[in-house]
Amino acid sequence: MAVPRAVLYTLTAAASIAVLAGCTSVTHASGAQSPQTLPGSAQPADAGSTDDAPAAPETPATPEAPSPPSVDPAQKPSPPAKPPAVPACATSQLKITQKAPDVGAGQLNMVLIFTNASKTTCSLSGYPGVSYVAEDGVQSGNAAERSGGSATTVMLKPGAAAISKLHDSNGVGGYDPKQCALSPAQGLRIYPPNQKAAVFLPWKTSHCAGKTIHSLTVSPVAG
């Protein structure tokens with residue numbers, strides 16, 4: 001028996017709907033499908049991650065080494081301390097003597113000796129002050145002029161000595177007698193270098209005491 005065309009179309013449509021409905025129910029019954037692995041590193045955001053995974057232990061931080069103290073490059077090291085200076089010999093520490101004068105050819109040469117008579121080390125540096133002394137204790141003639149060599153410092157341990165050289169004319173020498181004004185002297189007044197107290201050294205002699213005469217000269221002390 002022939003089926004009308006309209007009925008055939010109706011049955012075909014109903015069958016198609018039934019097939020689609022069956023596919024939908026199978027998908028829900030089998031649960032969620034496994035995610036597909038994507039090529040490369042592009043993975044789903046939640047792929048393989050779970051909230052219950054234990055966190056990796058933290059690596060303890062390595063303590064920093066202490067920094068060395070900063071040094072200012074412009075800061076210079078302190079210079080070594082200088083040893084204390086040896087004090088100058090006071091007049092009271094010294095014993096002053098003389099060697100016998102060396103006389104010849106109208107000239108006179110004599111050596112003054114400065115001996116440390118104390119128990120401590122002291123120093124002498126420079127020229128002594130020297131002048132003749134008349135009978136009444138006043139200065140006779142001009143004081144000695146400085147001459148000969150440069151001054152050095154002499155260290156005197158107890159008992160040690162330094163010397164200074166005197167030079168003068170022998171009497172009138174080569175001077176005019178009126179200019180010389182030959183006069184007697186009782187000795188020498190001697191000031192050690194850098195001291196204000198003098199020592200009288202007895203020595204009876206005659207010398208040129210004229211105002212224009214500067215025949216007496218003295219050298220710096222030396223060891």
Is S206 reaching over with its side chain to a backbone N or O of P184, donor-acceptor style, under 3.5 angstrom?
-> no
Atom of A151, atom of G126 and distance for their closest heavy-atom approach = CB-CA, 3.8 Å
How far does OH of Y175 sit from OG1 of T212, to the nearest 0.5 angstrom?
-> 9.0 Å
Side chain to side chain contact (heavy atoms under 4.5 Å, CB included) between Y191 and K196: does it pass, once the steps are laid out?
-> CA-CA 7 Å; Y191 292 87; K196 296 181 178 180; 5.6 Å; no
Ignoring hydrogens and geometry, is there a side-chain-to-backbone donor-acceptor pair from T115 to A117 under 3.5 Å?
-> no
With distance as the sole test, does Q93 use its side chain to make a donor-acceptor pair with the main-chain N or O of A90 at under 3.5 Å?
-> yes
Find out whether T152 and P220 are in side-chain contact, i.e. whether some heavy atom of one side chain is under 4.5 Å from a heavy atom of the other.
-> no
Starting from the C-alpha separation in whole Å, work towards a yes-or-no answer on side chain to side chain contact (heavy atoms under 4.5 Å, CB included) for V199 and T91.
-> CA-CA 8 Å; V199 170; T91 303; 3.5 Å; yes
With a 4.5 Å heavy-atom cut-off, do P192 and I96 have their side chains touching?
-> yes
Out of T205, D168, N142, which residue meets the side chain to side chain donor-acceptor pair (under 3.5 Å) rule with Y132?
-> D168
Are V103 and W203 grouped together when hydrophobic residues (ILVMFWY) are joined by side-chain heavy atoms under 4.5 angstrom apart?
-> yes
Report yes if the side chains of I213 and Q179 come closer than 4.5 Å at any heavy-atom pair, otherwise no.
-> yes
N116 (side chain) donor-acceptor with A161 (main chain) under 3.5 angstrom | no
Taking all non-hydrogen atoms of both residues into account, name the closest pair between P193 and V221 and its distance.
-> CG-CG1, 3.9 Å
OG-NE2 distance between S219 and H167, expressed to the nearest 0.5 angstrom = 12.0 Å
Taking atom NE2 of H207 and atom SG of C180, what is their separation to the nearest 0.5 Å?
-> 8.5 Å
Run through S131, S147, S164 and flag the one making a side chain to side chain contact (heavy atoms under 4.5 Å, CB included) with V218.
-> S164
Any chance you could measure C89, atom SG, to F114, atom CZ, to the nearest 0.5 Å?
-> 10.5 Å
4.5 Å side-chain heavy-atom contact, M110 and L188 | yes
Check T121 against P158 and note the closest heavy-atom contact, atom names and distance.
-> OG1-CD, 3.9 Å
Search all heavy atoms of A198 against all heavy atoms of R189 and return the closest pair with its distance.
-> CB-CG, 3.7 Å
Residue set satisfying side-chain contact (heavy atoms from CB on, under 4.5 Å) with E145, at least two apart, ordered chain then number -> H214, T217
State the CG-CG distance between L201 and L112, to the nearest 0.5 angstrom.
-> 7.0 Å
To the nearest 0.5 Å, what is the distance between CD (E135) and OG (S183)?
-> 12.0 Å
Shortest non-hydrogen separation from L108 to P101 and the atoms involved = CG-CB, 4.1 Å
Under the side chain to side chain contact (heavy atoms under 4.5 Å, CB included) rule, what do T153 and M155 come out as? Steps first, then yes or no, please.
-> CA-CA 7 Å; T153 300; M155 300 296 177; 4.1 Å; yes
ILVMFWY network linking V130 to V133, side-chain heavy atoms under 4.5 angstrom = no
Minimum side-chain heavy-atom gap Q107-N170 below 4.5 Å = no
Begin from the C-alpha positions of L156 and L124 and carry the test side chain to side chain contact (heavy atoms under 4.5 Å, CB included) through to its verdict.
-> CA-CA 8 Å; L156 294 183; L124 287 177; 3.7 Å; yes
